[in-house]
Amino acid sequence: MDKKNYSNVAFWFLAVINIISLFESIISKEGFSLLTEPEFQNLLLLAILQKLANRPNERALDTDDII
């Protein structure tokens, strides 16, 4: 597997672990706020990192044109 496949597998593994942990914390607590749960914040961070990792590198394309 190449680097991109490893990245996708790691992303989904961490996402599933956080989702399971989030459901467990929802079940075990009565009054909760979803936005303050660390698992929810982890999922948001993972989504942002995945989006940034899959974004094409415009800066590298600009430097290739100069050379």
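All of these numbers come straight from a predicted model, not from anything done at the bench.
- With sequence neighbours left out, I48 forms a side-chain contact (heavy atoms from CB on, under 4.5 Å) with L52.
- Here the CG-CG distance, from N42 to L49, works out to 10.5 Å after rounding to the nearest 0.5 Å.
- To the nearest 0.5 Å, the span separating CG on L22 from CD on Q41 amounts to 10.5 Å.
- For the pair Q50/N8, a side-chain contact is recorded, criterion being any heavy-atom separation below 4.5 Å from C-beta on.
- Of the inter-residue distances, the one linking F13 atom CZ with N18 atom CG reads 10.0 Å to the nearest 0.5 angstrom.
- In terms of heavy-atom proximity, L46 sits nearest to F11 at O-CE1, 3.4 Å.
- I20 and F23 are members of different hydrophobic clusters when ILVMFWY side chains are connected at heavy-atom separations under 4.5 Å.
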